[in-house]
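First the proteins, then the strands, lettered A, B, ... as listed; each starts at 1.
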Amino acid sequence: MKVSYFPGCTLKTKATDLNEYTFKTAEALGVTLEEIENWQCCGGVFTMAKDEVATKLSSVRALKEAFAKEQPLMTVCSACHNVIKQTNHAMQTDKEFAAKVNRYMADTPYEGEAQVYHYLELLRDVVGFDAVKEKVSDVLKGKKIAAYYGCLLLRPGKVMQMDDPENPTIMEDFIRAIGATPVVYAKRNECCGGYIAMESPSLAKKNSQGVVENAKAQGAEMIITACPLCKYNLIKNGADIPVVYFTELLAIALGIKEDTHE
Amino acid sequence: MNKKYLQEDLLRMSGVNPKKCMRCGKCSATCPAYDEMEYHPHQFVSMVDEGDIEPLLSSESLYRCLSCFACIERCPRGVEPAKLVEAVRLVAIRKQGENHMTANDVPALWEEDLPQQAIVSAFRKYSK
Ligand code: SF4
Ligand code: SF4
């Protein structure tokens, strides 16, 4: 199966491993990713104001290209996913906004027709967690792993529609599919602080430490995330258990990468 | 700016109807930036509703919101306070020379392993 892929700025720079293992694990599971040609940065955060048009054009261009190729558009960075999915929703539901955007687009108007998947959703809904389970070894057996959703994958729930925003299971089901044991904890869907790391490092520290302490208190030996900024904030603020991308663990379970964690 | 016009503009930009708010304070209770805010999400809603917008426009609270969407998700009345916080912030930073962060500020804030995502996000929220 071929799927259009939007990597985003950070996956080409500070998070090249997230990009690499996304490609490799997808390929191993029968999904070929075709990178959007000339994609532009999504901007990192969705601008909620309805009169903001320019900040959403890069997302629409990527969506439009995927739609033209009759492929779904897949993202893996939580931030890209949030921006692109919210933009697509605005194109579907806000006619006035869509009309303004389409003035900047060549040929046929776009109305939010493309299907958007986060890699986790693609694993659940297209590949299937059962199919993943069949392909993995038992190297991660018994490992207690805390899924860190953060804010961007799930919210706003009515737009993202990935999972129940207050009681999600997709990442825990993923952890089970790769043979490990999920650890559920209260702060798994609370914010790490995100970009506030630049404006107020103390606020990012407070939030991030709260997440790690809570995960550890529930017995976690490792935290997984899909977001480079979550990973940065948790590690920067003293996480003393490994914080890794979910794709790295998937690569380990599939035998694509060696397990270097204890 | 004319007060009435500003209020209407904020409501138009954000799509928020502050009249739906029942002032339960849940948005502020769930806000991870609460401790660092002078005005909290529920106050953005009530103050915009009352036309008391000037204090919000000059408050640092505008730059403390994390865009975490918690108040949007958890408001029992679907008011979506963060959309108002954002609209007020945009009114503030869209004025010439009022960017809260510029490229010149970045070297001092930069850390070796800081992901690009943090910088582009901060720019999107703090400057025009
Ligand atoms: S949670 Fe909603 S209804 Fe309650 S105070 Fe906040 S905006 Fe108003
Ligand atoms: S979106 Fe902003 S105002 Fe709303 S809860 Fe998050 S930090 Fe607070």
Exercise. Which region of B/L66, side chain (C-beta onward) or backbone (N, CA, C, O), has a non-hydrogen atom less than 4.5 Å from a non-hydrogen atom of chain A, or is it both or neither?
Worked result: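 Contact with chain A involves both backbone and side-chain atoms of B/L66.
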Exercise. A/M48 and B/A82: which non-hydrogen atoms are nearest, and at how many Å?
Worked result: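 Heavy atoms only, the tightest pair is CE-O, 3.9 Å.
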Problem set entry | chain A interface, residue from B/E111, B/R12, B/K83 that has the most non-hydrogen pairs under 4.5 Å |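 That would be B/E111.
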For this session: Mark yes when over 12 heavy atoms from residues, nucleotides or ligands other than B/E50 sit less than 6.0 Å from its CD; otherwise mark no.
Result: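 Yes, enclosed.
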Exercise. Using non-hydrogen atoms only, which part of A/P228 is less than 4.5 Å away from chain B: side chain, backbone, both, or neither?
Worked result: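 Contact with chain B is through both the backbone and side chain of A/P228.
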For this session: Output the distance between atom CG (B/D35) and atom NZ (A/K206), rounded to the nearest 0.5 Å.
Result: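 So the gap between those two atoms works out to 3.5 Å.
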Exercise. Got a donor-acceptor contact below 3.5 angstrom from the A/T10 side chain to the B/P115 backbone?
Worked result: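 Checked: no pair found.
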Problem set entry | B/A87, part contacting chain A, at a heavy-atom distance under 4.5 Å |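 B/A87 has no heavy atom closer than 4.5 Å to chain A.
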For this session: Before giving the answer on salt bridge (Lys or Arg N to Asp or Glu O under 4.0 Å), spell out for B/R74 and A/E166 the whole-Å C-alpha distance, their side-chain angles and the decisive distance to 0.1 Å.
Result: CA-CA 9 Å; B/R74 293 167 186 160; A/E166 300 298 359; 2.8 Å; yes
Exercise. Of all the residues in residues 118-128 of chain B, which have a heavy atom that comes within less than 4.5 Å of a heavy atom in chain A?
Worked result: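 Result: B/A118, B/I119, B/V120, B/S121, B/A122, B/R124, B/K125, B/Y126, B/K128.
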Exercise. How close do A/S200 and B/E36 get, heavy atom to heavy atom, and via which atoms?
Worked result: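 Residues A/S200 and B/E36, closest heavy atoms: OG-OE1, 2.8 Å.
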Problem set entry | Donor-acceptor contact present, side-chain A/K14 to main-chain B/E112, <3.5 Å |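 Yes; at least one donor-acceptor contact below 3.5 Å.
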For this session: Give the intermediate values and the outcome of side-chain contact (heavy atoms from CB on, under 4.5 Å) for residues A/E199 and B/E60.
Result: CA-CA 11 Å; A/E199 172 76 9; B/E60 282 290 309; 4.0 Å; yes
For this session: Can you see which heavy atom on A/L203 is nearest to which on B/P32, and at what distance?
Result: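 Result for this residue pair: CD1-O, 3.5 Å.
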Problem set entry | Side chain / backbone / both / neither for B/S67 at chain A, heavy atoms under 4.5 Å |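 Answer is both: backbone and side chain atoms of B/S67 are under 4.5 Å from chain A.
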Problem set entry | More than 12 heavy atoms of other groups within 6.0 Å of A/K12 NZ |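 More than 12 heavy atoms, drawn from other residues, nucleotides or ligands, come within 6.0 Å of this atom.
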For this session: Find the distance between CG (A/L154) and CZ (B/F69) and round it off to the nearest 0.5 Å.
Result: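 Here the rounded value is 12.0 Å.
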Exercise. Side chains of B/M13 and A/K50: closer than 4.5 Å at any heavy-atom pair?
Worked result: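 No, every pair of side-chain atoms sits at 4.5 Å or beyond.
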For this session: Sort out for me which of A/G157, A/G194, A/G210 touches chain B most, counting heavy-atom pairs under 4.5 Å.
Result: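 The candidate making the most pairs under 4.5 Å is A/G157.
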Exercise. What distance separates A/I235 CD1 from B/D113 CG, expressed to the nearest 0.5 Å?
Worked result: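 Atom-to-atom, A/I235:CD1 and B/D113:CG are 8.0 Å apart.
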For this session: Using the test side-chain contact (heavy atoms from CB on, under 4.5 Å), find all partners of A/V159 that sit at least two apart in sequence or belong to another chain.
Result: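 A/V159 satisfies side-chain contact (heavy atoms from CB on, under 4.5 Å) with A/Q86, A/H89, A/P156 once adjacent residues are dropped.
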For this session: Begin with the C-alpha distance, continue with both residues' side-chain angles, and end with the deciding distance and a verdict on side-chain contact (heavy atoms from CB on, under 4.5 Å) for B/E73 and A/K158.
Result: CA-CA 9 Å; B/E73 191 66 54; A/K158 70 171 197 247; over 6 Å; no
Problem set entry | Residue part contacting chain A, namely of B/R64, when any heavy atom lies under 4.5 Å |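 For B/R64, the contact with chain A is made by backbone and side chain together.
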For this session: Output the option from A/I196, A/V83, A/T55 having the highest count of non-hydrogen pairs under 4.5 Å with chain B.
Result: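 Counting heavy-atom pairs under 4.5 Å, the top option is A/T55.
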Problem set entry | Residue pair B/Q117 / A/C227: nearest heavy atoms and the distance that separates them |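 Between these two residues, the closest heavy atoms are NE2-SG, 3.3 Å.
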Problem set entry | Partner chain B: residue of A/A197, A/A15, A/G193 with the largest heavy-atom pair count (under 4.5 Å) |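 Most heavy-atom pairs within the cutoff with chain B belong to A/G193.
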Exercise. Looking only at atom types and distance, does a side-chain atom of B/Q116 sit under 3.5 Å from a main-chain N or O of A/C9, one as donor and one as acceptor?
Worked result: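 No, because the side chain of B/Q116 does not come within donor-acceptor range (under 3.5 Å) of the backbone of A/C9.
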Exercise. Among B/L114, B/L90, B/L109, B/I72, which has the most heavy-atom pairs under 4.5 Å with chain A?
Worked result: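 The candidate making the most pairs under 4.5 Å is B/L114.
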Problem set entry | Proximity breakdown for A/C42 and chain B, heavy-atom pairs closer than 4.5 Å |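 It is the backbone, since no side chain atom gets that close.
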Problem set entry | Contacting moiety of B/A108, where chain A heavy atoms sit under 4.5 Å |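 Neither part.
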Exercise. Is chain B contacted by the side chain of A/N82, its backbone, both, or neither, given a heavy-atom distance below 4.5 Å?
Worked result: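 The side chain, not the backbone.
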For this session: Select, from B/S14, B/G15, B/A70, the one with the greatest count of heavy-atom pairs under 4.5 Å involving chain A.
Result: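 Highest number of heavy-atom pairs under 4.5 Å: B/A70.
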